[in-house]
Visitor: 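This is the structure, below, for whatever I ask next.
The structure presented is a predicted model; accordingly, all values stated were derived computationally and were not measured.
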Amino acid sequence: MSDVLEIPETPLFERERSKNGYRMNKMAMSLGKPENRAAFKADEEAFLDSFGLGEAEKQAVMRRDWHRMVALGGNLFFILKIAAVDPASMAEIGAAQAGMNQEEFLKTRLGKM
């Protein structure tokens with residue numbers, strides 16, 4: 001779409017991307033239930049397969065590549081449920097999204113040391 005503002009290195013979550021990420025987002029939302037978190041922890045690949053994730057999506061999830069998950073259509077609000085399983089901090093995910101280490105992210109983006 002030519003009328004959509006582009007932000008460098010930031011995938012916009014628009015209609016086409018949301019359709020592409022449907023299965024991954026559905027899987028991530030399912031992690032709100034304790035029994036699904038247990039199944040995810042027990043056999044992550046089988047759990048992802050049960051939602052029909054493609055190979056690129058599975059690899060992004062299993063590597064906890066937050067940036068790639070978003071690029072593949074993952075809605076950050078949904079895929080953050082994956083972070084609750086591990087758990088990963090918001091600062092850790094933000095740093096990964098920005099391509100920084102956590103210390104650098106906290107200092108430059110949040111003004112913390």
Visitor: Specify the closest pair of heavy atoms between K81 and G32, including all atoms of both residues, with the distance to one decimal.
Guide: CD-N, 4.2 Å

Visitor: Do L31 and F47 touch side chain to side chain, with heavy atoms closer than 4.5 Å?
Guide: yes

Visitor: In terms of hydrophobic clustering (I, L, V, M, F, W, Y; side-chain heavy atoms under 4.5 Å; direct or indirect links), are I79 and F77 co-clustered?
Guide: no

Visitor: To the nearest 0.5 angstrom, please state how far the CD atom of E57 sits from the CZ atom of R23.
Guide: 5.0 Å

Visitor: Could you check whether any side-chain heavy atom of M27 comes within less than 4.5 Å of a side-chain heavy atom of V61, counting everything from C-beta outward?
Guide: yes

Visitor: Using a cut-off of 6.0 Å, state whether more than 12 heavy atoms not belonging to Q59 lie near its atom CD.
Guide: yes

Visitor: Does anything in residues 29-44 pair up under side-chain hydrogen bond (donor to acceptor under 3.5 Å, both in side chains), and if so which pairs, sequence neighbours excluded?
Guide: E44-R64

Visitor: Is the shortest distance from a Lys or Arg side-chain nitrogen in E55 or K58 to a carboxylate oxygen in the other one below 4.0 Å?
Guide: yes

Visitor: State the CE-CG distance between M62 and L48, to the nearest 0.5 angstrom.
Guide: 6.5 Å

Visitor: Any chance you could measure F78, atom CZ, to M29, atom CE, to the nearest 0.5 Å?
Guide: 5.5 Å

Visitor: Minimum heavy-atom separation for R68 and A56, please, with both atom names.
Guide: NH2-CB, 4.1 Å

Visitor: Please tell me if the side chains of I82 and F40 come closer than 4.5 Å, counting only heavy atoms from C-beta onward.
Guide: yes

